[in-house]
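FYI, side chains are in, hydrogens and waters are out, and symmetry mates aren't considered; it's all heavy atoms of this structure. Bear in mind that the values here come from a model prediction, so they are computed numbers and not experimental data. A, B, ... follow the sequence lines: proteins, then strands. Residue 1 opens every chain.
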There are 2 protein chains.
Amino acid sequence: MTKAIIDDVAELAGVSIKTVSRVVNNEPNVRPAMRDKVLNAIAQLDYRPNMSARSLAGNRSYLLGLLYGTPSAHYVLDIQEGVLATCRPQRYELIVHPCNHQDANLIEDISALVQNSRIDGVILTPPLSDNIELLHALKQMSVPFVRVAPTLNKELSAYVETNDRDASYEMTCKLIALGHSRIGFIGGHPDHRAVGLRFEGYQAAMLDNKIRPAADWIATGDSSFDSGERCAHQLLQVEPRPTAIFAANDEMAAGVILAAHQMGIDIPADLSIAGFDDTPVAHQIWPALTTIRQPIQDMAKNATELLIKQLKKSTSPLSASMLPSLIITRESTGRAPQ
Amino acid sequence: MTKAIIDDVAELAGVSIKTVSRVVNNEPNVRPAMRDKVLNAIAQLDYRPNMSARSLAGNRSYLLGLLYGTPSAHYVLDIQEGVLATCRPQRYELIVHPCNHQDANLIEDISALVQNSRIDGVILTPPLSDNIELLHALKQMSVPFVRVAPTLNKELSAYVETNDRDASYEMTCKLIALGHSRIGFIGGHPDHRAVGLRFEGYQAAMLDNKIRPAADWIATGDSSFDSGERCAHQLLQVEPRPTAIFAANDEMAAGVILAAHQMGIDIPADLSIAGFDDTPVAHQIWPALTTIRQPIQDMAKNATELLIKQLKKSTSPLSASMLPSLIITRESTGRAPQ
DNA sequence: CCCAATATTGACAGCGCTGTCAATTATCAA
DNA sequence: TTGATAATTGACAGCGCTGTCAATATTGGG
């Protein structure tokens, strides 16, 4: 028994192939009786539309592309899961395409992917989501896209964002409320703009609480564990020593914890440490990390929904949504030492 | 200027579309002069073949599917990177498809994916790679597939494996050489067969060294951090206490480290701990974990190569390859206490 | 009950490419 | 130089589906 095609269904149901097509695509104006006949035939023959033919004739592929730079594995996979969670029920498949953010061929590479006329729309994650040239290239090829967590040119596409700055502000206030005033901050990779917002939040909270952050309370890492450790060593030899360090991501915060262990500094009695992202490492280290959880997966879900909505009716205005982050309090933070 | 199609190229080059097709597909029997003319026209028009049309006419999609159960994020992403590294240069795109290993619809779901006639072949990772029904279903639909790290029915497909058992044996011997004899073992999720091999390696090494592992040195977790912590508490109250614990993956080993910290046990002076996988957490915790690094990404690369080779000439015999694991020694292991 | 307006259905022409096979050209031994 | 063989090229028919548009059926108001 060979694979059934649309003609087989049409014949068995006693209708034209066009009617079968209508049923398959949920088009209006099919009488219920017809629809049932067709549906029966489809079930009986275990008919599955051939996607290649569909794409060719209908000029759409039911394929979305997920483009990602190379942030952390967890981040990517969270996004991916979120995107897929939305794709599945809508019968879209997902093509994944990691890109080197710096690569000179980036645009060429992505154009190739898209222009093979197989991808209906793409999802961009940071730092790609802030690459203006790429955005313009996509616009010019009129490829619909959404962005997860963009920080720039928000008018260019639909997007889903979270409140990095506010969360960071809140975390800083929380540390201040615990009695800390010498609070160090470790910034992340400058390519990652969200990280800049995290710094802004910290700074604003400090100033709003009448604390002027000293220049040597602030270090800049590259988002890696090692850089966190390095920056921690640097911050922890400042006199008087900071009583808290807020790192712009969990990996760096884990590095700070290692450094503190090495220096025999007790956490949280002598030093409070806070991270950002709530990656698994946050609760796998000792002591477990106070951090900020972002609804990455939900953001990806929403973004994909926006994208698919846009594909269905290209006339609709670009929408945006905002999902809040959440502070997770664990053992790495406590009252400031006297 | 609209997108060029094959006819445009043919016209500009002054040849038939079939010749263009030959050039694009690198078919033999095209005179160099012709080839150059065509190549020029292609470059001039920035022609890109339409994949949907290609798939439809040629009955292949240049799309591979990566099916994964849900092991750790790092594992999946490593595999994914490896697969993509091979796909890219060969101009295959990758569709990712996480599956619930337990789901009753698993086979139906995957059939649907494949039968839409869009996927040329699939890559299976554990635990899917040991799902006999799935394997047979794929065989029956005559979908080419490879497996990364299968443990069962190796004759069913091409595969790439590593030596879980040997690596585990070696690690255990290493601990024994450090003077340990009361070595605990924490097994992982029973669905993950490779984890069974890890236990076998441990057991064999113990017996070969004339150590009879006591029943209460052995615990079974579910591969999660929490289960590692739980099992550690259990193992560490056995009298006399084990002087080393070997966990079947890093997450559980990290759990053991946390438990040891909580119980005030010094690592590695009082307790050596070894993990398996060399995930990032292994060096982000304190003390850093002695563990075993598997060449996951390379395995995925090789597997994908095998798959693509198979797609090109379906006659070739199924091949297999074996990549060795490597012990990484860090601070969590040391000489046994006196 | 009749007619215009509307809802439903089907015929048919591609979508852009590859496979098949026949036509044409080049090559080489005799 | 010639004929046979091999290499190269092209014409054409689909691949399985959707869009367009014309044909047919149904509906409701008068």
Side-chain angles (χ1 to χ4, degrees), chain A residues 2-39 41-42 45-63 91 114-120 311-312 314, chain B residues 2-39 41-42 45-63 91 114-120 311-312 314:
Chain A
T2 174
K3 204 154 149 10
I5 64 174
I6 199 170
D7 304 72
D8 303 330
V9 178
E11 188 177 356
L12 180 59
V15 301
S16 75
I17 60 168
K18 182 64 211 186
T19 299
V20 177
S21 170
R22 287 199 180 91
V23 171
V24 168
N25 291 288
N26 259 310
E27 283 172 30
N29 298 338
V30 178
R31 224 161 301 173
M34 280 275 134
R35 183 178 301 278
D36 288 348
K37 276 200 294 183
V38 172
L39 253 19
I42 287 178
L45 297 173
D46 191 29
Y47 166 69
R48 336 245 180 166
N50 178 316
M51 293 310 295
S52 304
R54 254 181 138 173
S55 318
L56 182 59
N59 205 32
R60 62 199 140 65
S61 63
Y62 286 96
L63 243 32
R91 326 207 100 262
V114 168
Q115 301 229 350
N116 286 353
S117 93
R118 38 189 350 188
I119 286 194
D120 289 343
L311 296 180
K312 288 194 171 148
S314 48
Chain B
T2 174
K3 205 156 146 12
I5 64 175
I6 198 169
D7 305 72
D8 303 330
V9 178
E11 188 178 355
L12 180 58
V15 302
S16 76
I17 59 169
K18 182 64 211 187
T19 298
V20 176
S21 170
R22 288 198 179 91
V23 172
V24 168
N25 292 288
N26 259 310
E27 283 172 31
N29 299 337
V30 177
R31 225 162 302 172
M34 281 271 133
R35 183 177 301 277
D36 288 347
K37 278 199 293 184
V38 172
L39 253 18
I42 287 178
L45 297 172
D46 190 31
Y47 166 70
R48 336 243 179 167
N50 178 316
M51 292 309 295
S52 304
R54 254 179 136 173
S55 316
L56 183 57
N59 204 33
R60 64 200 138 64
S61 63
Y62 285 97
L63 243 34
R91 325 206 100 263
V114 169
Q115 302 229 348
N116 286 353
S117 94
R118 37 189 349 189
I119 285 194
D120 290 342
L311 296 179
K312 288 195 169 148
S314 48

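In terms of the side chain to side chain donor-acceptor pair (under 3.5 Å) criterion, residue partners of A:Arg48 (sequence neighbours excluded) are, by chain and number, A:Asp46.
Contacts between residues 10-20 of chain A and DNA chain D, defined by a heavy-atom separation under 4.0 Å, are made by A:Ile17, A:Lys18. For the segment residues 27-36 of chain A, the set of residues with a heavy atom within less than 4.0 Å of an atom of DNA chain C comprises A:Asn29, A:Val30, A:Arg31, A:Met34, in numerical order.
In plain terms, the two heavy atoms of B:Glu27 and B:Val30 that are nearest each other are O-CG2, 4.0 Å. Considering every non-hydrogen atom in both A:Ser61 and A:Ser55, the closest pair reads CA-OG, 3.6 Å. When all heavy atoms of B:Val38 and B:Val20 are compared, the closest pair comes out as CG1-CA, 4.0 Å.
Residues B:Thr19 and B:Lys37 fail the side-chain proximity criterion, which asks for heavy atoms closer than 4.5 Å. Taking the side chain as every heavy atom from C-beta outward, A:Arg35 and A:Asn26 approach each other to under 4.5 Å. In this structure, B:Asn25 and B:Arg54 have side chains that are in contact, with non-hydrogen atoms separated by less than 4.5 Å.
Formation of a donor-acceptor pair under 3.5 Å by the A:Ser21 side chain with backbone atoms of A:Ile17 is not found in this model.
One distance of note links NZ of B:Lys3 with CG of B:Asn50; it measures 6.5 Å at 0.5 Å rounding. Atom CD of A:Gln115 sits about 14.0 Å away from atom CE of B:Met51, to the nearest 0.5 Å. The distance from the CZ atom of A:Arg22 to the CE atom of A:Met34 is 11.0 Å, given to the nearest 0.5 Å.
In the helix from C:dC1-D:dG30 to C:dA30-D:dT1, the end axes, each obtained as the rotation axis mapping the C1' atoms of four pairs onto the next four within a five-pair block, lie 20° apart to the nearest 10 degrees.
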Tell me which donor-acceptor pairs under 3.5 Å the side chains of residues 4-14 of chain B have, and how far apart each pair is, sequence neighbours excluded?
unit_1 : atom_1 : unit_2 : atom_2 : d
B:Asp8 : OD2    : B:Ile5 : N      : 2.9

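Mapping A:Gly58 and B:Ala53 onto DNA chain D by nearest heavy atom places B:Ala53 closer to the 5' end of the strand.
Nucleotides of DNA chain C that come within less than 4.0 Å of any heavy atom of chain B span, from the 5' end to the 3' end, C:dG16 to C:dA26.
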